[in-house]
Amino acid sequence: MALPPSLPKGVLPLLKGPAQAVCFSFIVLTGASLAGRVVSPWLQLQLLPPRQAWPPCISPGIRMSRQVVRSSKFRHVFGQPAKADQCYEDVRVSQTTWDSGFCAVNPKFMALICEASGGGAFLVLPLTKTGRVDKNVPTVCGHTAPVLDIAWCPHNDNVIASGSEDCMVMVWEIPDGGLTLPLREPVVTLEGHTKRVGIVAWHPTAQNVLLSAGCDNVILVWDVGTGTAVLTLGPDVHPDTIYSVEWNRDGALLCTSCRDKRVRIIDPRKGTVIAEKERPHEGTRPVRAVFVSEGKILTTGFSRMSERQVALWDMQKLEEPLSLQELDTSSGVLLPFFDPDTNIVYLCGKGDSSIRYFEITAEAPFLHYLSMFSSKESQRGMGYMPKRGLEVNKCEIARFYKLHERKCEPIAMTVPRKSDLFQEDLYPPTAGPDPALTAEEWLGGKNAGPLLVSLKDGYVPPKSRELRINRGLDSGRKRGTVESSAAPSSEAMARLEEELRQLRTTVQEQQKRLDELEKIIGK
């Protein structure tokens with residue numbers, strides 16, 4: 001083995017026989033010096049012998065030390081919390097014990113589920129309305145029980161859906177500039193669940209298609225335009241509580257996790273389970289599952305010893321995971337957020353004070369730990385900004401909205417770059433706001449990926465978007481009204497006439513009472 005000319009003379013006797021591997025492995029692990037000189041990491045690696053020359057006593061972990069660190073442009077991604085004046089202060093985050101993010105954001109608005117007396121409500125604020133939030137700020141308060149989940153429509157930044165313990169799914173239209181009065185009347189009310197609704201998720205590419213999952217173990221797919229449930233996955237598919245439901249990128253498949261300890265890949269239009277994995281994690285705590293890169297799913301769960309785990313699976317070979325990593329022993333459920341543009345998955349645990357992020361690659365070991373953002377305060381929930389809402393001139397590749405007990409704090413994930421120019425390698429064309437399909441086309445069996453847009457010049461939504469999409473929602477509401485106002489039966493007419501007579505009698509009695517009071521006052 002050729003030695004560097006700068007090697008101290010006292011080292012030469014050490015470079016003979018099997019002892020050299022032991023000696024220099026010790027140097028690599030401990031940072032020991034040779035002949036009073038500190039050996040640089042480069043020199044340490046050069047002094048190590050070829051892999052085939054290592055004796056069996058050298059452990060695999062030491063052997064890995066000679067390998068070059070994997071190259072990735074995301075190795076140095078760091079999280080930066082917003083300054084105090086850029087946070088949303090004095091908001092009352094919901095105390096409901098439900099494992100959802102409690103927060104949803106898009107390029108226009110930030111919404112969070114808040115405490116409300118006498119029903120359920122959530123708060124919607126324009127992104128720019130930071131600082132202290134007035135305690136009398138108007139909310140969306142049409143539900144009669146606590147709200148459990150909210151989701152913005154990917155094709156209209158003014159439309160949001162909510163699911164609640166009152167078994168209702170409601171779709172709301174938020175005016176530009178935010179609310180000036182409490183909003184109690186939804187655009188569409190979707191009734192079909194018999195127990196509380198804990199999950200709502202919009203179809204990624206089809207217009208006005210919304211999914212909801214309830215504690216009745218039923219998944220319903222709605223056509224919001226008509227206000228009707230067009231697909232139903234009943235308790236025969238999920239015999240127990242549904243923990244999570246996620247669409248894949250083109251909306252052709254669903255990935256679900258259930259209390260029966262199974263993860264399922266489902267074709268919702270056929271109502272069939274394409275693949276399923278029993279016990280992806282050995283623990284009894286809830287499992288979350290999401291689609292990631294092509295043909296793979298990622299799950300988070302717990303081991304038999306209650307250690308939190310993250311695993312990557314091939315949909316075609318669910319027998320063994322491609323990668324399985326144990327993280328820590330915290331008890332909070334890990335919520336995964338996947339960015340298909342960078343192949344980075346972020347793990348946020350409720351009750352944690354950190355965000356871990358991993359990069360997914362096509363080669364083994366497939367799942368690479370990048371880093372972790374840590375802060376002092378724990379998080380009650382988390383919102384995730386779509387890519388078109390990020391600041392590309394600051395190399396921001398993700399932004400989270402962390403819910404504290406009385407505050408919402410934006411956290412920007414940034415790749416350190418010196419140039420102020422647009423970084424094309426960080427921002428490939430991303431999913432835009434235009435739907436690729438109508439609801440009818442998707443229900444007819446057609447699939448299409450999202451329509452991509454470039455962020456090079458920044459994202460500017462077209463002004464005509466709201467009118468076009470809102471007209472579709474309005475027409476859906478009108479159609480629902482027409483359908484519900486069909487000619488009533490004779491029995492119904494008789495009941496209405498009787499109620500009308502009673503109301504007239506009551507009005508007459510009250511009028512007499514008013515006349516008597518006026519006479520008394522006149523005297």
Side-chain angles (χ1 to χ4, degrees), residues 98-101 198-199 201 211 213 215 217 219 233 235-249 252-268 272-340 343-352 355-369 382:
W98 185 258
D99 289 327
S100 71
I199 300 171
L211 173 149
C215 290
N217 309 335
I219 294 176
L233 300 174
D236 55 324
V237 179
H238 298 95
D240 212 330
T241 304
I242 300 167
Y243 286 143
S244 68
V245 184
E246 292 284 342
W247 297 97
N248 69 340
R249 189 155 169 80
L253 299 174
L254 295 175
C255 180
T256 68
S257 61
C258 181
R259 194 173 182 177
D260 67 353
K261 301 182 176 61
R262 291 176 183 267
V263 169
R264 296 173 172 86
I265 311 297
I266 301 172
D267 184 334
T272 57
V273 177
I274 296 176
E276 66 178 358
K277 172 62 181 176
E278 185 177 5
R279 300 185 74 90
H281 301 274
E282 293 294 329
T284 58
R285 300 294 309 282
V287 171
R288 292 295 180 115
V290 294
F291 287 101
V292 286
S293 52
E294 191 66 31
K296 297 182 179 66
I297 60 172
L298 181 134
T299 60
T300 62
F302 294 79
S303 70
R304 192 169 300 185
M305 302 301 293
S306 296
E307 296 173 312
R308 292 198 294 191
Q309 297 177 325
V310 56
L312 187 67
W313 307 81
D314 186 337
M315 286 172 50
Q316 306 301 323
K317 302 174 183 177
L318 290 174
E319 295 79 15
E320 294 293 333
L322 297 173
S323 176
L324 176 64
Q325 299 185 27
E326 293 185 348
L327 303 177
D328 54 32
T329 56
S330 298
S331 60
V333 175
L334 288 168
L335 307 179
F337 298 90
F338 177 66
D339 179 6
N343 280 326
I344 294 179
V345 63
Y346 302 86
L347 303 183
C348 311
K350 296 196 74 172
D352 289 3
I355 302 173
R356 290 179 175 86
Y357 34 105
F358 299 77
E359 185 177 2
I360 298 173
T361 60
E363 304 83 23
F366 302 105
L367 187 64
H368 305 270
Y369 173 76
M382 194 70 73

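Sequence positions, counted from 1, serve as the residue numbers for this chain.
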Checklist entry - Checking K350 side chain against S100 main chain: does a donor-acceptor pair fall under 3.5 Å? => result yes

Item to check | With T329 via side-chain hydrogen bond (donor to acceptor under 3.5 Å, both in side chains) - residues at least two apart | outcome: none

Next on the checklist: Between T361 and E363 (side chain of the first, backbone of the second, donor and acceptor by atom type, cut-off under 3.5 Å), is there such a pair?
Outcome noted: yes

Item to check | Ionic contact status for R279 with E282, cut-off 4.0 Å | outcome: yes

Item to check | Rounded distance [0.5 Å steps], CG in D314 versus CD in E319 | outcome: 9.5 Å

Next on the checklist: Looking at every heavy atom in both V287 and S244, which two are closest together, and how far apart are they?
Outcome noted: O-OG, 4.1 Å

Next on the checklist: Test your reading of the model: is there a side-chain donor-acceptor pair from E278 to the backbone of D260, 3.5 Å cut-off?
Outcome noted: no

Item to check | Side-chain touch R308/L334, heavy atoms, less than 4.5 angstrom | outcome: yes

Checklist entry - Who pairs with H238 by side-chain hydrogen bond (donor to acceptor under 3.5 Å, both in side chains), at least two apart in sequence or on another chain? => result T256

Item to check | CD1-SG distance between I199 and C215, expressed to the nearest 0.5 angstrom | outcome: 8.5 Å

Next on the checklist: Let's go through R262 and D240 carefully: what are the C-alpha distance in whole Å and the side-chain angles of both, what is the deciding distance for salt bridge (Lys or Arg N to Asp or Glu O under 4.0 Å) to 0.1 Å, and is it a yes or a no?
Outcome noted: CA-CA 10 Å; R262 291 176 183 267; D240 212 330; over 6 Å; no

Next on the checklist: I want to check something: taking the side chain as every heavy atom from C-beta on, are F337 and C348 in contact at a cut-off of under 4.5 Å?
Outcome noted: yes

Checklist entry - Looking only at heavy atoms, which two atoms of L233 and P268 are closest? And how far apart? => result CD2-O, 4.4 Å

Checklist entry - Mind checking whether V263 and L318 have side chains closer than 4.5 Å, heavy atoms only? => result no

Checklist entry - Is there side-chain contact between C258 and R264, with heavy atoms separated by less than 4.5 Å? => result yes

Checklist entry - Considering only heavy atoms from C-beta outward, does the side chain of V273 approach that of V237 to under 4.5 Å? => result yes

Next on the checklist: Measuring only between side-chain heavy atoms, which start at C-beta, is F358 closer than 4.5 Å to L298?
Outcome noted: no

Checklist entry - Closest heavy-atom contact between F338 and N343? => result CZ-OD1, 3.4 Å

Next on the checklist: Nearest 0.5 angstrom please: I265 CD1 to I297 CD1, how far?
Outcome noted: 4.0 Å

Next on the checklist: If I take atom CD1 from residue I266 and atom CD1 from residue I219, how far apart are they, to the nearest 0.5 angstrom?
Outcome noted: 5.5 Å

Next on the checklist: Set out, in order, the CA-CA distance, both residues' side-chain angles and the distance that settles side-chain contact (heavy atoms from CB on, under 4.5 Å) for S330 and D352, then state yes or no.
Outcome noted: CA-CA 8 Å; S330 298; D352 289 3; 4.1 Å; yes

Item to check | Separation between CG of L347 and OG1 of T300, rounded to the nearest 0.5 Å | outcome: 6.5 Å

Checklist entry - Tell me, which pairs form a salt bridge (charged side-chain N to carboxylate O under 4.0 Å, His left out) where one or both residues lie in residues 287-303, sequence neighbours left out? => result none

Checklist entry - Will you find, in the side chains of H368 and E359, an N or O donor that is under 3.5 Å from an N or O acceptor? => result no

Checklist entry - For atom CZ of R259, is the number of surrounding heavy atoms from other residues, nucleotides or ligands below 6.0 Å larger than 12? => result no

Checklist entry - Do the rings of H281 and W313 sit parallel, tilted or perpendicular, given the 30° and 60° boundaries? => result perpendicular

Next on the checklist: Working to the nearest 0.5 angstrom, can you tell me the gap between I344 CD1 and I360 CD1?
Outcome noted: 9.5 Å

Checklist entry - Step by step, would you call D328 with R356 a side-chain contact (heavy atoms from CB on, under 4.5 Å)? => result CA-CA 11 Å; D328 54 32; R356 290 179 175 86; 2.7 Å; yes

Checklist entry - Is there a donor-acceptor pair under 3.5 Å between the side chain of W247 and the backbone N or O of A252? => result no

Item to check | For L254 against F291, the heavy-atom pair lying closest together | outcome: C-CE1, 3.6 Å

Checklist entry - Within the distance-only criterion (no hydrogens, no angle test), does the side chain of S303 pair as donor or acceptor with the backbone N or O of M305 below 3.5 angstrom? => result yes

Next on the checklist: Using side-chain contact (heavy atoms from CB on, under 4.5 Å), reason through Q309 and L324 one step at a time and then give a plain yes or no.
Outcome noted: CA-CA 7 Å; Q309 297 177 325; L324 176 64; 4.1 Å; yes

Item to check | Residue pair Y243 / D99, side-chain heavy-atom distance below 4.5 Å | outcome: no

Next on the checklist: Is there a side-chain contact between T299 and V310 in this structure, where contact means two heavy atoms from C-beta onward sitting under 4.5 Å apart?
Outcome noted: no

